[in-house]
Amino acid sequence: MCDNPVGGGRVVTSARTKQKHIVREQEEYNFIPEGDQSIVKVLGIRANYLIDVQPVEGKAHQYIASLPSKFRKTVWLQRGQYVIVEPIAEGKRVKAEIVHILYPDHVRHLQAA
């Protein structure tokens, strides 16, 4: 018999606890792009969690990246901010998904490295 009244042995966490974990994860300093990931600059915010971005390296054209549901209502993006994205294959218009959000401390840390 299970002592947890909410469900078969699952640990139930509140939405606020999940948000704290996401924010804590975003504050870490070890964000170096791995594999296909790249650093891009946010150019503008579209509707439905779609963001116009442009790669930092090279003169590539802008494209659309999506904000995953774990970041929604937890972190906010602004124009000019930097993010790490990972390409996705299944999208026609949306070419990438945001993996990490870089804050000014992260950008300084990456520039120094």
Out of curiosity, does [Y] fall in the hydrophobic cluster containing [X] (side-chain heavy atoms, cut-off under 4.5 Å, transitive links)?
| X | Y | answer |
| --- | --- | --- |
| I98 | L50 | no |
| Y63 | I45 | yes |
| V56 | I84 | yes |

Report task. First locate atom CG of L102, then atom CG of L77, and finally report the distance between them rounded to the nearest 0.5 Å. Result -> 10.5 Å
Query raised in the report: How long is the gap from OH on Y82 to CD1 on I101, to the nearest 0.5 Å?
Result: 15.5 Å
Report summary line: Heavy-atom closest pair (P33 atom, I39 atom, distance to 0.1 Å) is CG-CG1, 3.6 Å
Report task. For side-chain contact (heavy atoms from CB on, under 4.5 Å), just list the numbers for E86 and Q37, CA-CA rounded to whole Å, side-chain angles, deciding distance to a tenth of an Å, and then say yes or no. Result -> CA-CA 5 Å; E86 193 168 85; Q37 296 177 349; 3.2 Å; yes
Report summary line: Per salt bridge (Lys or Arg N to Asp or Glu O under 4.0 Å), D52 is matched among R46, K95, R93 by R46
Query - Derivation and outcome, side-chain contact (heavy atoms from CB on, under 4.5 Å), residues K41 and V53 - result: CA-CA 5 Å; K41 185 176 184 177; V53 295; over 6 Å; no
Report task. Quickly, which of I51, V40, D36 forms a side chain to side chain contact (heavy atoms under 4.5 Å, CB included) with V85? Name it, please. Result -> V40
